[in-house]
J.: 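Quick one: the structure is below, and I'll ask about it shortly.
Atoms within each ligand, like the ligands themselves, are counted from 1 in listed order.
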Amino acid sequence: MVERIEWQPRVRPLIGAEDIQSKTAELGERITRDYAGRELVLVGVLKGSFLFMADLCRHIRLPLKCDFLGVSSYGDSTRSTGVIRITSDLKRPVVGEDVLVVEDIVDTGLTVSYLLDNLQTRQPASVRVCSLLSKPARRRVEVPIDYLGFEVEDVFVVGYGLDHKGRYRNLDFVGVCEEIE
Ligand code: IMP
Ligand code: MG
């Protein structure tokens with residue numbers, strides 16, 4: 001028999017996989033109701049939102065398109081530099097479209113604030129924000145979160161798309177990273 005190698009991530013669970021799945025379904029239902037009769041463009045903010053976006057879009061029963069924005073604000077640090085850069089742009093214009101930005105976490109708010117300003121200049125019909133997580137204690141600019149999964153304390157969280165130095169995105173739960181020095 002081949003020995004099974006177990007990987008033990010040093011992550012203290014905070015939000016379980018089932019809670020994430022039921023919240024995602026609930027958000028999808030709300031979005032479906034709110035945008036009934038319309039067509040959506042989901043704009044996932046890479047890379048952190050990729051799992052959330054994949055699950056969320058399957059709970060939205062509307063015609064929709066998926067696009068992605070690559071944004072960098074962090075480097076390898078756990079603190080925001082406050083300098084936001086678009087590293088990969090949308091593949092199509094969003095003029096006249098209903099845009100829903102899909103984020104993993106709103107921390108200082110600087111990224112979403114920058115993205116909202118940037119997207120508004122492209123003349124969409126509307127722009128709203130859906131974020132899996134929010135860390136209100138660290139907010140530096142107020143940003144509207146139209147659809148929110150969970151609030152978290154001022155701790156660095158990983159899993160379900162969120163990383164520390166590129167790792168832990170593959171966890172199906174969100175937890176506190178115990179590897180931070
Ligand atoms: P902002 O500070 O609101 O601009 O957040 C920028 C980005 O930092 C988020 O979209 C995340 O990708 C990342 N981030 C913020 N807090 C955390 C965290 O606790 N864990 C992992 N990534 C985070
Ligand atoms: Mg992000």
J.: Just checking, any donor-acceptor pair under 3.5 angstrom between side chains of Asp34 and Tyr147?
T.: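 Yes.
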
J.: Check whether any heavy atom of Val112 sits under 4.0 Å from an atom of ligand 1.
T.: no

J.: Backbone or side chain, does any N or O of Asp163 fall under 3.5 Å from an N or O of ligand 1?
T.: no

J.: Counting from 1, what ligand 1 atoms have a heavy atom of Ile105 closer than 4.0 Å?
T.: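 Heavy-atom distances to Ile105 below 4.0 Å select 9 (C), 10 (O), 11 (C), 14 (N), 15 (C), 16 (N), 17 (C), 23 (C).
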
J.: Is it true that Arg139 and Ser134 share a donor-acceptor pair across their side chains at a distance under 3.5 Å?
T.: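 Checked: Ser134/Arg139 side chains pair up, N/O donor to acceptor below 3.5 Å.
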
J.: Would you name the heavy atoms of Gly28 and Leu56 that are closest together and state the gap between them?
T.: N-CD1, 3.8 Å

J.: Distance under 4.0 Å to a non-hydrogen atom of Thr108: what atoms of ligand 1 satisfy this?
T.: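 This gives 1 (P), 2 (O), 3 (O), 4 (O) as the contact atoms.
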
J.: Looking at ligand 1, would Leu162 count as a contact under a 4.0 Å heavy-atom criterion?
T.: yes

J.: Tell me, please, whether Tyr35 has Arg128 positioned over its six-membered ring: NZ or CZ under 6.0 Å from the ring centre and within 45 degrees of its axis?
T.: yes

J.: Under 4.0 Å between a side-chain nitrogen and a carboxylate oxygen: does that hold for Lys165 and Glu179?
T.: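 Between Glu179 and Lys165 there is no salt bridge, as every charged N stays at least 4.0 Å from the carboxylate O atoms.
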
J.: Check if Lys135 has a non-hydrogen atom at a distance under 4.0 Å from any atom of ligand 1.
T.: yes

J.: What do you reckon, does Phe156 have a nitrogen or oxygen under 3.5 Å from a nitrogen or oxygen of ligand 1?
T.: no

J.: Going by the atom numbers of ligand 1, which of them fall below 4.0 Å from some non-hydrogen atom of Thr111?
T.: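 What qualifies from ligand 1 is 1 (P), 4 (O), 5 (O), 6 (C).
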
J.: With atoms numbered from 1 as shown, which atoms in ligand 1 lie under 4.0 angstrom from a non-hydrogen atom of Val155?
T.: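 Answer, ordered by atom number: 19 (O).
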
J.: Determine whether the side chains of Asp55 and Tyr160 contain a donor N or O and an acceptor N or O closer than 3.5 Å.
T.: yes

J.: Side chain, backbone, both or neither: which part of Arg138 has a heavy atom under 4.0 Å from ligand 1?
T.: neither

J.: In plain terms, say whether Glu97 and Arg122 are close enough for a salt bridge, that is, a side-chain N and a carboxylate O under 4.0 Å apart.
T.: no

J.: Counting from 1, what ligand 1 atoms have a heavy atom of Glu103 closer than 4.0 Å?
T.: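 Selected atoms, number and element: 10 (O).
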
J.: Do Val129 and Val143 come close enough that some side-chain heavy atom pair is under 4.5 Å?
T.: no

